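Some notes on the structure that comes next.
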Amino acid sequence: RVDTLAKLSAGYWVGLMSFDDGKFAVAETWLSRPELLADDSPWRFGANYNRARALAALGKYEEAAAILEKDKSPQQDGNKLRAEMLRERAKADK
């Protein structure tokens, strides 16, 4: 279990560091890993939120909004507001 948690944590943090470095596609790839998004992953909510941030940074507003709208984390209300903002941005860009 310890090695599994270490691998999950490493993947999550590589995704975040990639985002911070402006490597949004790389970040999205790391944060989309199925083991990070699994129901038993301690990083699932953070991975989904940050995956949506990476997609938004890539201009994929609709895809990012869809992720945020499905969220069931303690921050779901804020994520739904962010999803609305992203949808408005997508409309404005068309």
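Everything numeric here is computed off the predicted structure, so don't read it as measured data. In this chain, numbering begins with 1 at the start of the sequence shown.
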**Report entry** hydrophobic_cluster_shared for L31 and W43, side chain cutoff 4.5 Å
**Finding:** yes
Query raised in the report: Members other than L81 in its cluster, when Ile, Leu, Val, Met, Phe, Trp, Tyr link by side-chain heavy atoms under 4.5 Å?
Result: none
Report task. Report the residues that fulfil side chain to side chain contact (heavy atoms under 4.5 Å, CB included) with K7, sequence neighbours left out, ordered by chain and then residue number. Result -> none
Query raised in the report: Would K91 and E88 satisfy side chain to side chain contact (heavy atoms under 4.5 Å, CB included), going step by step from the backbone distance to the final call?
Result: CA-CA 5 Å; K91 287 179 192 173; E88 290 298 319; 3.7 Å; yes
**Report entry** Rounded distance [0.5 Å steps], CG in N79 versus CD in E84
**Finding:** 12.0 Å
Report task. Decide yes or no for L36 and R51: does some side-chain heavy atom of the first lie under 4.5 Å from some side-chain heavy atom of the second? Result -> no
Query raised in the report: Could you give all pairs that pass the salt bridge (Lys or Arg N to Asp or Glu O under 4.0 Å) test and reach residues 65-80, with sequence neighbours left out?
Result: E69-R87
Report summary line: Residue pairs passing the side-chain hydrogen bond (donor to acceptor under 3.5 Å, both in side chains) test with at least one member in residues 25-39, sequence neighbours excluded, are E28-S32, R33-E35
Query raised in the report: Partners of A64 by side chain to side chain contact (heavy atoms under 4.5 Å, CB included), sequence neighbours excluded?
Result: A52, L55, A56, L86
Query raised in the report: With side chains defined as the heavy atoms from C-beta onward, is the minimum distance between Q75 and F45 less than 4.5 Å?
Result: no
Query raised in the report: Which hydrophobic side chains are connected to F19, either touching it within the sub-4.5 Å cutoff or through other members that do?
Result: F24, L58
Query raised in the report: Quick one: side chain to side chain contact (heavy atoms under 4.5 Å, CB included) partners of L16, sequence neighbours excluded?
Result: Y12, W13, N50
Query raised in the report: Is R82 close to R53 at the side-chain level, that is, under 4.5 Å between some pair of heavy atoms?
Result: yes
